[in-house]
Amino acid sequence: MNVFKDFRKRLLGLLDEMVAAGELPVGLDTARVTVESPREASHGDMSTNAAMVLAGQVGTAPRQLAPQLALRLGALPEVLTAEVAGPGFVNLRFAPDFWRVQVAEVLRAGTAYGASTIGAGQRVNIEYVSANPTGPLHAAHARGAVVGDALANLLEKAGFIVAREYYINDAGSQVETLGRSAYLRYREALGEEIGEIPAGLYPGDYLKEVGRALAERDGGRWLDQPESTWLPVLRDFAIDRIMLGIREDLATLGIGINVFSSERALVASGAVQAAFEELSARGLIYQGVLDPPKGKKPDDWEPRPQTLFRATDYGDDVDRPLRKSDGSWTYFANDIAYHLDKFRRGFTVLIDVLGADHGGYVKRMQAATTAITGGKAALDVKICQLVHLMDQGKPVKMSKRAGTFVTLRDVIDEVGRDVVRFIMLTRRNDQTLDFDFAKVTEQSKDNPVFYVQYCHARCRSVLRHAAETRPAAVLTLEALAEAPLHRLVEPEELALIRIMAGWPRLVEGAAEAHEAHRVAFYLYDLAAGFHALWNKGKDDTTLRFLAPDDAELTLARLALVQAVATVVASGLAVIGVEPVEEMRS
RNA sequence: GGCCCCAUAGCUCAGUUGGAUAGAGCACGCGCCUUCUAAGCGCGGGGUCGCAGGUUCGAAUCCUGCUGGGGUCGCCA
C-alpha cells in the first residue's frame, strides 16, 4: 500500500465533492495532480499541487483556490493541519498515528512490504548479459547482468510478470572464428606445436581447456579432415563449453536468467525469413543505395544496392541493411526476428540491457520493434556505461593481448557476490562507474554496501539482545505488529517511519522508470536514518531501544527496529543481496 | 561531419518524470566511545545546476542553438 497514492485518492474524492457542491466546474483534468513528500521537512508530511494545476481550468488563481482545498483537507480526521504555502501548495501534517500504523503494516507484510500491483500482471521481457559465446564473462559484463537482474526483481515486486532472457549470438562469423581457434588448441592438446596464435583468432588461454576436452572425447579423428568437416563440430563444441562456464558464472552471481535463446536456432527455424516477409508486407523493405557516412567516408566505400528496412519511417536516421553481400542475414535482421519472437510469445513491454558500445543500435532496434509489431510492443533500451576497474584509486591495467583482462569470476572471488551486485547499482546505468577493489571491500561508511548491511546487522543485534535479556517476550513479526506503537513519539523515530512508508512509493516509481539503482540509494537513506537514531541513544540513554524499566516502550521500539530490518531486507532482495545478521567476520 | 549519452559543491554522485530556500558522501574545521557493535553519529563553511534563448503559475528537469568530454557510424555481434 502506497500511502501517497492512497491519499491522492482521498483528495480526488474531495474534489468530486466540491464539484457536486458546485464549488468546482464539471470535467476537471486531474491527471497532473500529485501528492508527494516535500523536500523540505518543515513543509509537512505531504504536499499537493492540486490548486496550481486546477486553477487555470477553473479560471481562478492558485492562491485563491488553495484555501478552499485546505479547508476540506483540514477537515479529514487524519489531517492535523492543512496550510497554503508558496505559489499555492497545500501542505499537510498528519496525526502521528497515521505514521505509526505503518510500522504494523511493514511487520504484517514482512519482506513482501513494498509489493505493488501496478504491473497488473502485464508481461515484461528483459534481455540482458547476452555476451557472445566466444569467451568467459569479464568484469564489464557484471554491470549489465546486475542491472538487468535487479530490474527484473523490481518489476516482479511491482506486479509485472517477468521473463529473463539471454540471447546467445551463436550465428555468424565470430563463432566460426571461435571454432578455428578451438581447432588450434585441439591440435595443441594432441601434442602439436602450434606456435604463436595467428592474428584474427582468439588467443585466450581459456580455449586450451576446450581443446583438451575435445581431444579427450574424440581423439585425433578431426586432424586430417578438411575445415568444412570439423568446423561445425568444433564450433558447437566450443560454444557449449563456453556457455557452460557462462552459466556457472551467472549462477555464482545469482543472476536468474531462465530463458536462453539461440540466434542460430532462430535463423534455422525460418523466423528471420518470416520477419522479413512481415516487414515486406507492411511495405517497409526496398532495394536501395545508402549514402556514405557524412564526414567520415570508409576507405573501401563503394555504393551498392542493398536490401533495406525503412527505419527512417520510425525515427531512425538512416535506413538499415538486412542482408549481407553474400545473401545471408545481418545481425540486425536476426535481432528483428528475435524481438518479433518475444512479442509473439506475449510480451508487450520489451527491455534490452546493452553495453555502452551499442548506443548507436538503439534507434534502429526501437524502430524495428515498433514497425514489426504494428506499434503494439514498445522497446526500452538500458545502456550500461563503462565500469572502470580500480585498485587503491589506480586503474587496473587490462589488455586482451597480454591476457591480463579481468574475468567476472576473478571479481566475484575477490570481493564476493553481494558486493558486486550492490556496487553495480550505486550509479545510474548511463553513468560511468568506478569499481575500486580496495574501496568496495572497505568496512566504513564510505562503502554503501557495508553501510546498509551494518544497518541490518545492528537491527538484528538489538533483537538478539532483547531476546537474551527478556526470554519471556514474544518477538515474532506478528507479535510486534501488535506492539503499543503510540509509545513511539520521538521525532527521529517518526522520521524513520516516514522513510519506511516511502518504500512502496519508491518501488512503483523505480519500476515505472525502469531504474533499479533507486533502490540502492533508498536503502542508503534508510540506513542513515537508522544510524542517526542509534547514535542519539548514545547521547541520550532515554532514546535507546531497550528501556530496562519500561517493557511497553521497549516493545514499541523493537517493533520499529524489526520494521527497519524488514524494509532493508525487502530492498536488498530486489538488488539480490543477502542481508547479514552480524558484521563480525 | 551525423547520431546517442554525459556535464549539478574542490572531488564522486543523487535529484521522487515540471514544484517551494537544489541534496548526500568524500575532503576540510569542530564536537561525541564506563553504552544494544564509535566499522558509527552530530554541527559548520562550500553552488551562475556547462553557456544562451524559449515554453508557463513554476525549469537542474521539457524544446532550440552553442561549448566541452565519452561512445558509435554499410555486409562485427
Side-chain angles (χ1 to χ4, degrees), chain A residues 4 32 34 36-40 43 47 49 52-53 55-56 61-63 85-89 91 130-132 134 167 169 171-175 263 289-298 301-304 306 308 316-318 320-332 334-335 355-363 383 385-386 426-428 430-432 434 442-448 450-451 454 457-458 461-466 469 502 505-506 508-510 512-513 517-518 521-522 524-525 528 531-539 541 544-546 561 582-584:
Chain A
F4 296 91
R32 291 186 45 222
T34 62
E36 46 194 25
S37 62
R39 255 202 286 262
E40 186 71 36
H43 289 151
S47 166
N49 64 356
M52 291 178 289
V53 172
R63 292 282 311 197
F89 289 100
N91 291 335
S130 294
N132 291 340
T134 54
Y167 183 48
N169 301 134
S173 60
Q174 291 193 1
V175 288
E263 181 184 2
V289 181
L290 289 176
D291 293 330
K294 287 180 181 120
K296 179 184 170 274
K297 192 171 178 175
W301 178 270
E302 46 181 291
R304 55 174 68 129
Q306 291 177 294
L308 299 170
D316 199 1
D317 308 306
V318 290
R320 305 291 179 176
L322 297 184
R323 282 190 198 276
K324 302 178 190 174
S325 52
D326 68 359
S328 64
W329 300 110
T330 59
Y331 176 80
F332 179 50
N334 293 351
D335 217 8
D357 53 341
H358 285 68
Y361 193 66
V362 177
K363 273 193 184 180
I383 294 290
Q385 277 302 328
L386 303 176
T426 54
R427 291 284 180 274
R428 239 181 340 157
D430 43 18
Q431 197 85 26
T432 59
D434 289 347
E442 194 173 277
Q443 302 214 327
S444 77
K445 62 179 296 197
D446 305 356
N447 181 356
F450 169 80
Y451 191 78
Y454 189 31
R458 273 184 156 172
S461 168
V462 173
L463 291 160
R464 276 196 303 272
H465 197 83
T469 51
R505 174 180 163 87
L506 186 118
E508 292 182 351
E512 277 171 349
H517 74 273
R518 292 190 194 179
F521 284 90
Y522 170 81
Y524 188 90
D525 288 342
H531 288 311
L533 181 56
W534 175 288
N535 273 82
K536 270 279 189 323
K538 295 197 170 295
D539 296 336
T541 53
R544 294 193 189 173
F545 302 120
L546 306 178
V561 169
E582 55 181 343
M583 300 304 291
R584 304 185 199 283

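Keep in mind that the numbers below use all heavy atoms, side chains included, and drop hydrogens, waters and symmetry copies. All values reported here derive from a predicted model rather than from experimental measurement. A, B, ... follow the sequence lines: proteins, then strands. Residue 1 opens every chain.
Here A:G509 lies out of heavy-atom contact (under 4.0 Å) with every strand. If you check every strand for non-hydrogen atoms under 4.0 Å, A:A513 touches a base. Looking at heavy-atom distances under 4.0 Å, A:A85 makes contact with a base. Contact annotation for A:N169: backbone-only contact, meaning every heavy-atom pair under 4.0 Å involves sugar-phosphate atoms and none involves a base. Nucleic acid contact class of A:E263 (heavy atoms, under 4.0 Å, all strands): sugar-phosphate only. Across all strands, A:H517 comes closer than 4.0 Å only to sugar-phosphate atoms, never to a base (heavy-atom distances). Residue contacts for A:R323: at a heavy-atom cut-off of 4.0 Å it reaches no nucleic acid atom on any strand shown. A:E508 comes within 4.0 angstrom of nothing in the nucleic acid, heavy atoms only.
Rounded to whole Å, the distance from CG on A:D316 to P on B:G2 is 16 Å. In this structure, the CZ atom of A:F4 is 11 Å from the P atom of B:U17, given to the nearest Å. One can place CZ of A:R39 at 9 Å from C1' of B:A60, the figure rounded to the nearest angstrom. Whole-Å rounding puts the A:H531 NE2 to B:A24 C1' distance at 14 Å. Atom OH in A:Y331 sits about 6 Å away from atom C1' in B:A77, given to the nearest Å. If you take OH of A:Y454 and C1' of B:A38, they are 7 Å apart, rounded to a whole angstrom. Look at CZ on A:F545: it is 12 Å from C1' on B:C41, rounded to the nearest Å. One atom, CG of A:L308, and another, C1' of B:C75, lie 11 Å apart when rounded to the nearest Å.
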What pairs of nitrogen or oxygen atoms, one from the protein and one from nucleotides 26-28 of chain B, lie under 3.5 Å apart?
from	atom 1	to	atom 2	distance (Å)
B:C26	OP1	A:K445	NZ	3.3

N/O-N/O pairs, protein side and nucleotides 44-50 of chain B side, under 3.5 Å:
none

Can you name the atoms? Protein N/O to nucleotides 4-13 of chain B N/O, anything below 3.5 Å, with the distance.
from	atom 1	to	atom 2	distance (Å)
B:C5	O2'	A:D430	O	3.4
B:U12	O2'	A:R427	NH2	2.5
B:C13	O5'	A:R427	NE	3.3

Distances for protein N/O vs nucleotides 55-59 of chain B N/O pairs under 3.5 angstrom?
from	atom 1	to	atom 2	distance (Å)
B:G58	O6	A:R32	NH2	3.1

So which protein nitrogen or oxygen atoms get under 3.5 Å of nucleotides 30-32 of chain B's nitrogens or oxygens?
none

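Remark: A:Q431 engages A:R428 in a side-chain hydrogen bond (donor to acceptor under 3.5 Å, both in side chains) (not counting sequence neighbours). With sequence neighbours left out, A:D357 forms a side-chain hydrogen bond (donor to acceptor under 3.5 Å, both in side chains) with no residue at all. Remark: A:E36 pairs with A:T34, A:R505 by the side-chain contact (heavy atoms from CB on, under 4.5 Å) rule, at least two apart or across chains. In this structure, the side-chain contact (heavy atoms from CB on, under 4.5 Å) partners of A:A528, at least two apart in sequence or on a different chain, are A:Y451. Residues that satisfy the side-chain hydrogen bond (donor to acceptor under 3.5 Å, both in side chains) test with A:K324, not counting sequence neighbours, are absent from this structure. A search for side-chain hydrogen bond (donor to acceptor under 3.5 Å, both in side chains) contacts involving A:H517 returns nothing, not counting sequence neighbours.
The side chain of A:P321 has B:G74 as its nearest neighbour among B:G74, B:A77, B:U37. Proximity note for A:E36 (side chain, C-beta onward) versus B:C41, B:U17, B:A24: the nearest is B:U17. Set against B:A77, B:U37, B:C36, the side chain of A:R458 has B:U37 as its closest nucleotide. Residue A:Q174 places its side chain closer to B:A77 than to any other of B:C75, B:A77, B:G15.
Between the side chain of A:N91 and the base of B:A20, at least one donor-acceptor pair of N or O atoms lies under 3.5 Å. A donor and an acceptor atom never sit less than 3.5 Å apart when one is taken from the side chain of A:S173 and the other from the base of B:A77. A donor and an acceptor atom sit less than 3.5 Å apart, one in the side chain of A:R304 and one in the base of B:C75.
B:C51 adopts an anti glycosidic conformation, its chi angle falling more than 90° from 0. B:U37 adopts an anti glycosidic conformation, its chi angle falling more than 90° from 0.
Here, B:C6 and B:U61 have their P atoms 13 Å apart, quoted to the whole Å. Between B:C26 and B:G18, the two C1' atoms lie 31 Å apart (nearest whole Å). On the C1' atoms, B:A60 is 5 Å away from B:C49, given to the nearest whole Å. Here, B:C63 and B:G25 have their C1' atoms 34 Å apart, quoted to the whole Å. Straight-line distance between the C1' atoms of B:C51 and B:U56: roughly 23 Å, to the nearest whole Å. Distance noted for atom P between B:A27 and B:U12: 15 Å (whole Å).
Taking 4.0 angstrom as the limit, A:K536 places none of its side-chain polar atoms (N or O) nearer than this to OP1 or OP2 of B:A38. At the phosphate of B:C41, OP1 or OP2 sits under 4.0 Å from a side-chain N or O atom of A:Y451.
Residues A:D430 and A:I383 fail the side-chain proximity criterion, which asks for heavy atoms closer than 4.5 Å. Residues A:F450 and A:E442 form no side-chain contact, since every pair of their non-hydrogen atoms from C-beta on lies 4.5 Å or further apart. In this structure, A:L533 and A:F545 have side chains that are in contact, with non-hydrogen atoms separated by less than 4.5 Å.
In RNA chain B, runs of at least 3 consecutive Watson-Crick or G-U pairs, each pair with both distances below 3.5 Å, span B:1-7 with B:67-73, B:10-13 with B:23-26, B:28-32 with B:40-44, B:50-54 with B:62-66.
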